[in-house]
2 protein chains.
Amino acid sequence: MPSIVEVAKRAGVSIATVSNVIRGTKRVSPALQERVQLAIRDLDYYPNELARSLKVKQTRMLVMVLPDITNPFFPEIIRGAEDCAFQRGYFLMTANTDEQIGRERRIVSALRSYRVDGILLASAPGKDISHIESVLRAGLSIVCLDRTVSGIETDAVLLDNVRGAQECVRHLIQAGYRRIAIITGPLKLLTGRERLRGYGDALREADIEPDPALIFEGDFREDSGYRLSKEMLRRRRKPSAIFVCNGVMTLGVLKALEETGMLCPNDIALATFDDLMLDHSFHPHLTTVVQPSYEIGARAATILIDRIEGKLPKEPLVVRIAPTLIVRESTRPRRP
Amino acid sequence: MPSIVEVAKRAGVSIATVSNVIRGTKRVSPALQERVQLAIRDLDYYPNELARSLKVKQTRMLVMVLPDITNPFFPEIIRGAEDCAFQRGYFLMTANTDEQIGRERRIVSALRSYRVDGILLASAPGKDISHIESVLRAGLSIVCLDRTVSGIETDAVLLDNVRGAQECVRHLIQAGYRRIAIITGPLKLLTGRERLRGYGDALREADIEPDPALIFEGDFREDSGYRLSKEMLRRRRKPSAIFVCNGVMTLGVLKALEETGMLCPNDIALATFDDLMLDHSFHPHLTTVVQPSYEIGARAATILIDRIEGKLPKEPLVVRIAPTLIVRESTRPRRP
DNA sequence: ATCAACGATTTAATCGTTTAAAATACTGTA
DNA sequence: TACAGTATTTTAAACGATTAAATCGTTGAT
């Protein structure tokens, strides 16, 4: 790999001149520009970003750290962030923690050593968050995504979970359902707690006292959706509707329904978070709280870059994005 | 961010000593080791990987460049590669090209400037592949994944597409289907062509002449599955089975089936590539050619790292991974 | 003709590491 | 006590860029 000195030599100029024509920092005469460009072509020269970053102390590199890349909810977020980053001259990549706080630590440490300019983080649950604290103290910018890291104040882009859940459950109630079960996310996750809160709010609003026997704590993975709904369908007093707090768990619920031979919405109604692609294939179509994923990603990247470039006031900025409720057949109004 | 000189100062030693205790390159006395470690703790020092990489000319950074992060086929590949990379002391991230060769160019160029050690590439289709050629000439290692870049010789990990398709179609024939339609991938992609070939092979093997009217070229996206199957179901002479060449297109096919009111497998049989999660929710369960995605990723990363470390002979290494056919209800044997 | 003023170019210091080579400290032996 | 031979530590030169400061040429005014 040729370096700037080889380009300079070949063009018969100093390395400063080469640098200036590449970056356009200073005027250089057309004649020299020409020669330098030619040398660059000839040698197939690509500036060494490591050296540049070392000198100017910024890498223009952003990384999104995600807990579970197999959750189809995330890819659109990536695209939104990527597009935004590119527009503003940054480069975005993705890393994956598998919901393990240990891996998250490792990755964040590595990113710190690589001196990336900023991190978009959907943190894995866990109590030891010292890696985040220390990286923040070191001056790296972090924007939280989808979930916050509890006990830490940063910029964040979050869904308005309470409202999303509330509207959805409210809709179920209006459609005539009363015994509404919920399969929540992990309650150590903000997302999990907030959606549960929205559920409770909607019930109380309609003077229904939330029944602890109808609240099932899942973990956002398919299997917990399967297990928990299996369990609830085994009970004598079954719910008339289930509200599932994310799309992946819903896959498990569908499997359980099928196995128990229950039909939706006649035997039981179903509403869910996250619009996976399965609304096309599963019959009936599911009533869903849809998150504007692309927008969430784009928004988070915007804030991150603004923060990096010092365009934001000191106080952490927390943005809540509104979800949309899409009503489909799986919650058809109940015949009285 | 403190640098090595600050650590050295605080510990009262030279920077060389600090470097030596961090990297363990040379013996240093326990006393000094102690002092240095302490200084590192106190200052919360993280070595600057940019400086290190600049000096030693390697970054230990690998990047997987994917065409479509929303295709659920890829995430497991990422995990396989990630695990392998980590084990061997590398760091892996992901970038996304959105199937646009232009974006791929940009990303690959950026990676080149960042001096990453290697790239795992599932290339976007396109004729201008000069960016790949030039990056290879520069000595960067690339392992192709899922698809090759036509006209270029590199290491590659590919599915045995011909065999996968062939076995699947053979199974359809044995189950009594004769008019078997195929929805292929884009034929400019190796994957697309090979699966079509397997389809043809299986038919001819059974003395059935492939009927051009039953061959539909899709693009691996959901919409093409929908459109093409809509079209084929409008025909007077319908096929008795459809073989769909990837999972995402199958979602479209299912939607079309539902809209036209056709039932599977009674009205039409269905077999597909890629086990998306939908086998739980869609009834009946689909006969599927399953790719061992995790293994593909792990294998590709292994080869990449071996190549980087010079453990491989010069000739490009091309590995074919065998898929597995899982027979489910969607291809139930036909009643004669 | 002289010289100030300006524009174009080069020189050289710097970023934070690694690592050969030099310097220093320590050991045991004669 | 002196010294060879190690073991440990330090010095200093890279790596490949950026950029302030110095230098070099031109112009144009006097």
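Residue numbering restarts at 1 for every chain, and letters A, B, ... go by the order of the sequence lines.
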task = List the atom of B/T154, the atom of B/L136, and the distance in Å for their closest heavy-atom pair.
result = CG2-CD1, 3.6 Å

note = What one should report as the nearest heavy-atom pair of B/I132 and B/E104 is CD1-OE2, 3.6 Å

Distance check needed: [N] [atom2] versus [X] [atom1], whole Å only.
X: A/K9; N: D/dG16; atom1: NZ; atom2: C1'; answer: 13 Å
X: B/E49; N: C/dT17; atom1: CD; atom2: P; answer: 10 Å
X: B/N48; N: C/dT14; atom1: CG; atom2: C1'; answer: 14 Å
X: A/N20; N: D/dA20; atom1: CG; atom2: P; answer: 11 Å
X: A/R115; N: D/dA17; atom1: CZ; atom2: P; answer: 20 Å

task = Evaluate the criterion side-chain contact (heavy atoms from CB on, under 4.5 Å) for residue pair A/M93 and B/M64; output intermediate values, then yes/no.
result = CA-CA 9 Å; A/M93 290 192 284; B/M64 184 178 295; over 6 Å; no

remark   = Expected list for residues 21-34 of chain B near DNA chain D, using heavy atoms below 4.0 Å, is B/K26, B/R27, B/V28, B/S29, B/L32

note = Expected list for residues 51-62 of chain B near DNA chain D, using heavy atoms below 4.0 Å, is B/L54, B/K55, B/K57

task = For B/I15 and for A/E6, find the nucleotide of DNA chain D with the closest heavy atom, then tell me which residue's nucleotide is more 5'.
result = B/I15

Would you tell me if any nitrogen or oxygen in the side chain of [X] comes within less than 4.0 Å of OP1 or OP2 on [N]?
X: A/T17; N: C/dA8; answer: no
X: B/Y114; N: D/dA17; answer: no
X: B/S19; N: C/dT17; answer: no

query = Looking across every strand, which nucleic acid part, if any, lies under 4.0 Å from A/S3 by heavy atom: base, sugar-phosphate, or nothing?
reply =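 Sugar-phosphate, no base atom in range.
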
task = Starting at CG of B/L312, measure out to CG of B/D306 and round the result to the nearest 0.5 Å.
result = 5.5 Å

request  = Mind checking the CG-CZ spacing from A/L317 to A/R299? Nearest 0.5 Å is all I need.
outcome  =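 If we round to the nearest 0.5 Å, A/L317:CG and A/R299:CZ are 7.0 Å apart.
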
Non-hydrogen side-chain atoms of A/R115 and B/Y46 separated by less than 4.5 Å = yes

query = Looking at side-chain heavy atoms only, is the closest gap between A/V318 and A/D155 below 4.5 Å?
reply =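 In short, these two side chains do not touch, never coming nearer than 4.5 Å.
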
query = When you measure from the centre of the six-membered ring of B/F91, is the NZ or CZ of B/R60 under 6.0 Å away and within 45° of the axis?
reply =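 Pair B/R60/B/F91 does not count as cation-pi.
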
message = Can you identify which nucleotide, out of C/dT17, C/dT10, C/dT19, has its nearest atom closest to the B/I4 side chain?
response =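 Comparing C/dT17, C/dT10, C/dT19 against the side chain of B/I4, the answer is C/dT17.
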
Side-chain (A/E34) to main-chain (A/A31) donor-acceptor, under 3.5 angstrom =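 Judged by distance alone, no pair lies under 3.5 Å.
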
